[in-house]
There are 2 protein chains.
Amino acid sequence: MTVPISRPRSTPAIASPLFLREDEIRRGIELLYFGYSAMVRGADTILAREGFGRAHHRALYFIARSPGLSVGDLLRLLAITKQSLGRVLNELQAHGHVTQSIGASDRRQRLLHLTATGQALEAALFAELEAGMAAAYGEAGQSAVTGFWAVLVGLIPAEDRALVAGLSQG
Amino acid sequence: MTVPISRPRSTPAIASPLFLREDEIRRGIELLYFGYSAMVRGADTILAREGFGRAHHRALYFIARSPGLSVGDLLRLLAITKQSLGRVLNELQAHGHVTQSIGASDRRQRLLHLTATGQALEAALFAELEAGMAAAYGEAGQSAVTGFWAVLVGLIPAEDRALVAGLSQG
DNA sequence: CAAGATATGTCAACATGACTGTCCCAATTT
DNA sequence: AAATTGGGACAGTCATGTTGACATATCTTG
């Protein structure tokens, strides 16, 4: 598995700050791509065994993270159409992993919850992600983790940051 | 776009190191998901205009990064089947963005290159990613960038790290 | 040199998870 | 009462992955 290496596309005769910057940008793009791929790959085995895909995992994850989440809020988190989410939620409900309840303050809302089996499945999937992330944290150290978060927050458009931050707060 | 916030799944009565750790793990998972999504979203507009998808972008990116890359090495980088890659490469070649040459040391190999229009398209796509990444780097600072890389490297299985590192070296 | 392994390509069928567009109902807001 | 919002459903399409089987050219090895 050797990849032949070539010079980057634009190769200045002498190293310049601009060259260094492009190399650092490319390093970030590539590590983000491979790191993300590596993180989700572990869960795929479990999902395949259960007959689900990554879309089901994402729904399970956010419902576990915020029990009682409304369908609309889940749609905004996932940034997909309600038709796409509808199929996923129907399948999860058909398998008895997710239930709905009617919103107390707004009876139009359907609030999503995991059943016991749904919680068990999500916990198994989370354990997979956790193992990889905890190992990476431990290897990199706490100050690296802070930097890791800071760059990722910087990648998220300002108007979307509140959405992500809201998950971590009470 | 307000997301109702609930307590995390397992909520200890008092904050414990274990609770803090789970919260930090979840923060990493979520930021990685949203950060990755944010990075690729910018390029989607250009891709849609050209009639291509993310699979085409990934192929263009790695061919631009390592001109003369062989089909097999690209397959190992993308970790997909040759049938999937074959369709993408055929489309890129049909649009005149990619050409092949025969390997000098091994005539079975097909080495991939971008044409002038392929380079122009890849450059436009790269500029999109670069804008977001450079802004995030600037916002977070250089030491954060180092930590960002360190955690992502830690996520990648040890046996795959050489593949990624090989892209940056000569 | 013959045999096997490797690099690549192709045909066919299929699964997942997105999309658009349209229509519907119930509940809330104005 | 009318308009908006939250949610659901039906139909069709597209992008991108998968398996499996097979073909061809080239390289490597006994």
Side-chain angles (χ1 to χ4, degrees), chain A residues 1-4 33 37 40-41 43-45 47-61 63 68-95 98-112, chain B residues 1-4 33 37 40-41 43-60 63 68-95 98-112:
Chain A
M1 192 175 292
T2 58
V3 172
Y33 168 66
S37 300
V40 297
R41 190 153 301 147
D44 285 349
T45 308
L47 290 166
R49 194 167 57 223
E50 301 281 333
F52 295 127
R54 290 182 186 175
H56 304 87
H57 186 187
R58 288 194 283 271
L60 284 173
Y61 180 94
I63 298 172
L69 191 71
S70 74
V71 170
D73 284 329
L74 183 53
L75 276 175
R76 281 181 280 272
L77 280 171
L78 297 176
I80 58 175
T81 59
K82 63 177 176 176
Q83 291 88 336
S84 293
L85 179 60
R87 186 182 346 97
V88 169
L89 285 181
N90 284 339
E91 287 166 2
L92 288 173
Q93 286 174 315
H95 282 76
V98 167
T99 57
Q100 289 184 341
S101 64
I102 293 187
S105 61
D106 185 338
R107 290 174 47 80
R108 292 172 303 180
Q109 292 186 326
R110 294 303 121 95
L111 309 184
L112 301 165
Chain B
M1 192 176 289
T2 58
V3 172
Y33 168 66
S37 300
V40 298
R41 188 152 303 146
D44 285 349
T45 309
I46 298 175
L47 289 166
R49 192 166 59 223
E50 302 280 334
F52 295 127
R54 289 181 186 176
H56 304 88
H57 186 187
R58 288 194 282 269
L60 284 173
I63 298 172
L69 191 73
S70 74
V71 170
D73 284 330
L74 183 53
L75 275 175
R76 281 181 280 273
L77 281 170
L78 297 176
I80 58 175
T81 59
K82 64 176 176 177
Q83 292 89 334
S84 293
L85 179 58
R87 186 180 344 99
V88 169
L89 285 180
N90 284 338
E91 287 166 3
L92 288 173
Q93 286 174 314
H95 282 76
V98 167
T99 57
Q100 289 185 339
S101 63
I102 292 186
S105 62
D106 185 339
R107 291 175 48 81
R108 293 171 303 179
Q109 292 185 325
R110 293 304 121 95
L111 309 184
L112 301 165

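Residue numbering restarts at 1 for every chain, and letters A, B, ... go by the order of the sequence lines. Keep in mind it's a predicted model, so treat the numbers as computed, not measured.
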**Asked** Can you name the one residue among A:Val71, A:Leu75, A:Leu74 that meets side-chain contact (heavy atoms from CB on, under 4.5 Å) with A:Lys82?
**Response**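 Per the side-chain contact (heavy atoms from CB on, under 4.5 Å) rule, the option paired with A:Lys82 is A:Leu75, out of A:Val71, A:Leu75, A:Leu74.
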Without decimals, in angstroms, what is the distance between [X] [atom1] and [N] [atom2]?
| X | N | atom1 | atom2 | result |
| --- | --- | --- | --- | --- |
| A:Leu92 | C:dG17 | CG | P | 10 Å |
| B:Leu74 | C:dA7 | CG | P | 14 Å |
| A:Asp73 | D:dG6 | CG | C1' | 11 Å |
| A:Leu85 | C:dA18 | CG | P | 9 Å |
| B:Phe52 | D:dA15 | CZ | P | 11 Å |
| A:Asn90 | C:dG17 | CG | P | 14 Å |
| A:Asp44 | D:dT18 | CG | C1' | 13 Å |
| A:Glu91 | D:dG8 | CD | C1' | 15 Å |

**Message:** Measuring to OP1 and OP2 of D:dT16, would you say a side-chain N or O of B:His56 lies under 4.0 angstrom away?
**Reply:**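 Yes, such a contact exists.
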**Item:** Contact under 4.0 Å: B:Gln100 side-chain N or O vs C:dG9 OP1/OP2
**Value:**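 So the side-chain polar atoms of B:Gln100 do come within 4.0 Å of the phosphate oxygens OP1 or OP2 of C:dG9, strictly under.
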Given [options], identify the nucleotide with an atom nearest to the side chain of [X].
| X | options | result |
| --- | --- | --- |
| A:Gln83 | D:dT16, C:dC19, C:dG21 | C:dG21 |
| A:Ser84 | D:dA21, D:dA9, C:dC19 | C:dC19 |
| B:Val71 | D:dG7, D:dA9, C:dT8 | C:dT8 |

**Item:** Candidate pair A:Leu112 and A:Gln100, rule side chain to side chain contact (heavy atoms under 4.5 Å, CB included), full reasoning
**Value:** CA-CA 5 Å; A:Leu112 301 165; A:Gln100 289 184 341; 3.7 Å; yes
**Asked** Any salt bridge between A:Asp44 and A:Arg41, counting N to O under 4.0 Å?
**Response**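 Salt bridge: no.
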**Item:** Polar side-chain contact B:Arg87-D:dG17 base: donor and acceptor under 3.5 Å
**Value:**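 Indeed there is one.
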**Request:** Quick one: pull up CG in A:Leu78 and OH in A:Tyr61 and give me the separation to the nearest 0.5 Å.
**Result:**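 Here the interatomic distance stands at 12.0 Å.
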**Item:** Aromatic plane relationship, B:Phe52 with B:His56 - under 30° parallel, 30 to 60° tilted, over 60° perpendicular
**Value:**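 Judged by the thresholds at 30° and 60°, the geometry between B:His56 and B:Phe52 is tilted.
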**Item:** Non-hydrogen atoms of A:Leu111 and A:Gly103 that approach each other most closely
**Value:**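 Heavy atoms of A:Leu111 and A:Gly103 come nearest at CD1-CA, 3.8 Å.
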**Message:** On DNA chain D, does the nearest nucleotide to B:Thr81 precede the nearest nucleotide to A:Gln93 from the 5' side, or the other way round? Give the residue.
**Reply:**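 It is A:Gln93, whose closest nucleotide lies nearer the 5' terminus.
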**Prompt:** Touch check for B:Gly72, heavy atoms < 4.0 angstrom, all strands: base, sugar-phosphate only, or nothing?
**Reply:**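 Sugar-phosphate contact only.
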**Complete:** Per-nucleotide protein contact along nucleotides 25-30 of chain D, 5' to 3', at a 4.0 Å heavy-atom cut-off (B base, S sugar-phosphate only, - neither), is BBS---
**Prompt:** Is there a side-chain contact between A:Gln109 and A:Ile102 (heavy atoms, below 4.5 Å)?
**Reply:**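 A side-chain contact is absent here, since even the closest heavy-atom pair is not under 4.5 Å.
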**Request:** Could you check B:Lys82 against A:Val88 and say which one's nearest nucleotide on DNA chain C is further toward the 5' end?
**Result:**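 Whichever sits nearer the 5' end wins; that is B:Lys82.
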